2 protein chains.
Amino acid sequence: MQIRSGHFSDDRPCRAHRGLKEGGAQVSGPTKTNLLDVARKAGVSQTTVSRYFNEPGKIREETRKRISQAIAELDFVPSMTARTLAMSRSHTIGAIVPTFDHALFARELNDMADQLSKAGYALLIASDQYEPGQETDLVRTMIGRNVDGLLLVGLEREPGIYDLLDRRGVPYVTTWTIDREVSRPQVGADKFAAAHEIADHLLDLGHQRFAVIEFPVANNDRARTRLRGFRTAIEERGLSLPNEVVFEEPPTYEAGGRILRSILQSDAPPTALLCGTDVFAIGALLEAKRLGLNLPAEISISGFDNLPIASLLDPPLTTIDLAVRETGQLAARYLLRKIEGVDPPSISVPRHELILGGSTGRPGR
Amino acid sequence: MQIRSGHFSDDRPCRAHRGLKEGGAQVSGPTKTNLLDVARKAGVSQTTVSRYFNEPGKIREETRKRISQAIAELDFVPSMTARTLAMSRSHTIGAIVPTFDHALFARELNDMADQLSKAGYALLIASDQYEPGQETDLVRTMIGRNVDGLLLVGLEREPGIYDLLDRRGVPYVTTWTIDREVSRPQVGADKFAAAHEIADHLLDLGHQRFAVIEFPVANNDRARTRLRGFRTAIEERGLSLPNEVVFEEPPTYEAGGRILRSILQSDAPPTALLCGTDVFAIGALLEAKRLGLNLPAEISISGFDNLPIASLLDPPLTTIDLAVRETGQLAARYLLRKIEGVDPPSISVPRHELILGGSTGRPGR
DNA sequence: TCTTCTTATGGAAGCGCTTCCATAGGAACA
DNA sequence: TGTTCCTATGGAAGCGCTTCCATAAGAAGA
């Protein structure tokens, strides 16, 4: 049964020059076993060992046992790298996000990774720290690493990226921005509608003068979409949102507080502050309380994202829940399906929800 | 100069059966180019193209230009997978964390990824969602994927994992727990000292009755270390920390509030609440304010981690800053050095800092 | 002018898998 | 008893790189 019986000397083809020192009694260096080692130990061919992993149904019970034992004895770990090369399938999904240091992306990736790992996929991540130039490089890196699918944030990017991806046939999905006019795979809540809705809520309450704090909109279509939602709602009521009351800031609590202070000093201060993320809103709310303002009578503050802390503030924050977990899971599911050759619906929009808290109310005067 | 002049027909070795349909005028499917394609286009050998990437100094200027143009025309992206297989170096670092959905780990990974990508490394991540059984599998996966180094959280794990890693010669580093008795590579602030310090602070203020909220300590040596720090400090003053006042909870704001309420109902309520993370502390603090308690007179609350929001609360939170960013960077640097063959100091402990806020003070009565 | 050294390049094996194809033995059928 | 069909297995090429070694052609030294 054995392919080669007898002598133990290593009769593999010469590889002396490859850095794997051979022969002699040496302190066991890093062990490196491969299918062939297992095959020899089990007295079968490499092919059969491969089948053990990939089509276990096709090998005899007794053979399976021998192989399984050989694997255990050698503590063999198959090389996914070689597998990838041979199959052109890496069982890896790439994700390029602006940063992980933001609860939203972190949670999205967390749920995505979870879903993926259940399906035998690993997650390769990179962040471009909001620099669009970086993204192109990162996509190339990902392609070079043979990712089977790619998650991207936002819809807008250097057009070459989409070309590259299409040409290489790499499935991808964009998250956090939905634009039904664009025919690309997208997953995420409808930020435009959500922003519109929360602005409507404030308009319904009777607010007429607004201020907005947003992420820097350059290279950030999520922020731009939200802003467009705010603005559209306001203009639909015959009001306007001049640029002077739209503040662009990197997302810090501190910025929320600072902007709040600054807008209160204007002649006719806004009665409502629309924030592009809860982070701003929380900063503003805490500052307002520190200043002894009467909330929401003196100023209404709304957030976006529904961070876990939003509901615990006093007053609780009016905000938008974006179904973050669902987004990560849907994105994972989309990619997995696509990889399997199924053609899943390419736009999926988990439902957002307006969360009403005490931080918004009728304007005081 | 050309290796093969003339006819355009594909004279590569047959690969018809490998799924790459050949010949005929076909709609250009997924392009797949390799070194050889580039070589042919540039009229040089594969080897030379390889050198173009790896030892550019060794090829003539003119050759370099030809290759560079061929690469551009073909939009060639080298296969890192093949490279990995050939070199046994993947230029990938793995990271296994309990969850990304925690500001601390997210930030650590963020800074680590940043550092790594500058050095040409990618980051492969996985989370075990606090289940130790998972970790073993994930480590195997990582090994199978040929990671050049591995980041782990905490020092305690199934012993087989360390064996496996050592046997395979995979460099690794553990973060967030420091134990100088253990001779493994470790990076992270000294949580024991930090916990001791913050408890000392409260003891100095005159507190005698404490309660603690911690992560579930099973499978979490970080939590255990912190708790030990609290307890040691307390016992050193001749006081005690009975188990009834140590609460284990998953990290949610809500838990902080709930535990606060519950301890206030005891006969002799604690005057100080030591929290294993700011998340608990913030929850407790917000709840205390909602209950109209006088802080810190009626109850002192301390946190851990120094989340960005901690200093903005009213009163600001007394907490510990753990130098998170530094930890991620140091971990990355350690692994990179180790991979390069340098033997860097295996334990590095960024300095923590006690942040004093108004949430702690003398007990009121 | 002839030898020796460099320098730029090419040939080909090998990294550890998958997969196409071939083959040996039974089982199943006539 | 002969034919056909499965089933379990093995052989070997190929995935796209790196790297050892060989080699041709100048440059440098004698």
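All figures in this text were calculated on a predicted structure; none of them were measured in a lab. Naming: A, B, ... by sequence-line order, numbering from 1 per chain.
- In terms of position on DNA chain C, the residue among Val49(B) and Ala82(B) whose nearest nucleotide sits closer to the 5' end is Val49(B).
- A salt bridge does not link Arg337(B) to Glu340(B): none of the charged side-chain nitrogens sits closer than 4.0 Å to a carboxylate oxygen.
- Under the 4.5 Å side-chain criterion, counting only non-hydrogen atoms from C-beta, Tyr162(B) is in contact with Leu155(B).
- One can place CG of Asn34(B) at 13 Å from P of dG14(D), the figure rounded to the nearest angstrom.
- Residues passing the side-chain contact (heavy atoms from CB on, under 4.5 Å) test with Ala126(A), sequence neighbours excluded: Leu138(A), Met142(A).
- The phosphate of dT18(C) (OP1 or OP2) has a side-chain N or O of Asn54(A) nearer than 4.0 angstrom.
- In terms of the salt bridge (Lys or Arg N to Asp or Glu O under 4.0 Å) criterion, residue partners of Asp101(A) (sequence neighbours excluded) are, by chain and number, Arg107(B), Arg325(B).
- Residues satisfying the side-chain contact (heavy atoms from CB on, under 4.5 Å) test with Ser117(A), not counting sequence neighbours, are none.
- Between the OG atom in Ser45(B) and the CG atom in Leu35(B) there is a gap of 9.5 Å [rounded to 0.5 Å].
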task: Applying side chain to side chain contact (heavy atoms under 4.5 Å, CB included), run through Thr63(A) and Tyr52(A) and close with a yes or a no.
output: CA-CA 9 Å; Thr63(A) 315; Tyr52(A) 170 90; over 6 Å; no
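- Among residues two or more places apart in sequence or in another chain, the salt bridge (Lys or Arg N to Asp or Glu O under 4.0 Å) test is passed with Glu131(A) by none.
- Contacts between residues 68-76 of chain A and DNA chain D, defined by a heavy-atom separation below 4.0 Å, involve no residue at all.
- Residues that satisfy the salt bridge (Lys or Arg N to Asp or Glu O under 4.0 Å) test with Glu62(A), not counting sequence neighbours, are Arg60(A), Arg66(A).
- Comparing the axis of the opening five pairs of the helix from dT1(C)-dA30(D) to dA30(C)-dT1(D) with that of the closing five pairs yields an angle of 30°, rounded to 10°.
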Look for any protein N or O under 3.5 Å of an N or O in nucleotides 6-9 of chain D and output each such pair with its distance, or none.
from   : atom 1 : to       : atom 2 : distance (Å)
dT9(D) : OP1    : Arg60(A) : NH2    : 3.1
dT9(D) : OP1    : Thr63(A) : OG1    : 2.4
dT9(D) : OP2    : Arg60(A) : N      : 3.0

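- The side-chain contact (heavy atoms from CB on, under 4.5 Å) test with Asp148(B) singles out one residue from Ser88(B), Ser90(B), Pro171(B), and that residue is Ser90(B).
- Here Ser79(B) does not reach the OP1 or OP2 of dC17(D): none of its side-chain N or O atoms lies under 4.0 Å away.
- Put simply, the side chain of Thr47(A) and the base of dG11(D) share a donor and an acceptor less than 3.5 Å apart.
- The distance from atom CG of Leu85(A) to atom P of dC15(C) is 14 Å, rounded to the nearest whole Å.
- Residues meeting the side-chain contact (heavy atoms from CB on, under 4.5 Å) test with Leu330(A), sequence neighbours left out: Val187(A), Glu326(A), Arg333(A), Ser348(A), Pro350(A).
- Under the side-chain contact (heavy atoms from CB on, under 4.5 Å) criterion, Arg140(A) pairs with Leu164(A), Asp75(B), Val77(B), not counting sequence neighbours.
- In the region residues 143-150 of chain A, proximity to DNA chain C at under 4.0 angstrom, judged on heavy atoms, holds for none of the residues.
- Under the salt bridge (Lys or Arg N to Asp or Glu O under 4.0 Å) criterion, Arg157(A) pairs with Glu135(A), not counting sequence neighbours.
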